[in-house]
Amino acid sequence: MHVTRLAVFCLVIYFLAVNMTSAQEKTAWPDEAECRENPPTEELVRGWCIAIDRDKGNCLACHTLNIKPWPATLPLAGNIAPPLVAMAPRFPDTEALREQIADAPAFNPNTTMPPYQKHGLLTEAEIDRILQFILSL
């Protein structure tokens with residue numbers, strides 16, 4: 001019975017990842033260099049820039065994002081962590097998601113996700129920007 005539920009869940013996530021149009025579809029998303037050279041003023045783009053920054057969030061190392069068009073200079077997104085799709089429906093408690101980003105090992109000691117806030121990798125404001133960005137996916 002659990003295998004059937006897992007298969008249905010995986011199919012739903014795959015469908016959402018492939019077919020869902022992101023609220024963030026833009027003419028062009030900046031890559032990491034563009035984010036640094038010309039920091040954006042739009043809050044969601046600022047969250048994107050922190051998420052893709054290898055010295056900050058580095059979310060792409062592990063997570064898949066549904067961004068169109070994908071910046072050609074960025075590596076493909078990771079596949080070892082859950083995809084960042086349909087985030088608002090999946091995480092109606094935004095504070096719980098924020099805490100997960102801030103200190104994932106507090107919820108799962110076996111996670112490979114770093115405790116971004118606890119170790120000073122991200123500030124509270126940066127975590128809030130990433131949170132707003134991924135909730136828009």
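Quantities reported herein were computed from a predicted structural model and do not represent experimental measurements.
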Give a yes or no on whether a salt bridge exists between R129 and E126, defined as a side-chain N under 4.0 angstrom from a carboxylate O. no

Going by heavy atoms in the side chains, are [X] and [Y] under 4.5 Å from each other?
X   : Y    : answer
V45 : F133 : no
E32 : R54  : yes
I52 : L60  : yes
I67 : W48  : yes
P40 : P30  : no

Has the side chain of H63 got a donor or acceptor atom that lies under 3.5 Å from a matching backbone atom of P82? yes

From [atom1] ([X]) to [atom2] ([Y]), nearest 0.5 Å:
X    : Y    : atom1 : atom2 : value
E124 : L131 : CD    : CG    : 12.0 Å
I50  : Q132 : CD1   : CD    : 11.5 Å
L135 : I130 : CG    : CD1   : 11.5 Å

Run the side-chain hydrogen bond (donor to acceptor under 3.5 Å, both in side chains) test against [X] and tell me which residues pass, sequence neighbours left out.
X    : answer
N58  : none
D128 : R98
T41  : none
D55  : R36

Using atom types as modelled, flag every donor-acceptor pair under 3.5 Å from a side chain in residues 102-116 to any protein atom, sequence neighbours excluded.
unit_1: N108; atom_1: OD1; unit_2: N110; atom_2: N; d: 3.0
unit_1: T111; atom_1: OG1; unit_2: M113; atom_2: N; d: 3.1
unit_1: Y116; atom_1: OH; unit_2: G57; atom_2: O; d: 2.5

Tell me the closest heavy-atom pair linking L137 and L84, and the distance in Å. CD1-O, 3.3 Å

Any pair counted as side chain to side chain donor-acceptor pair (under 3.5 Å), so long as it reaches residues 73-85, sequence neighbours left out: D31-T73

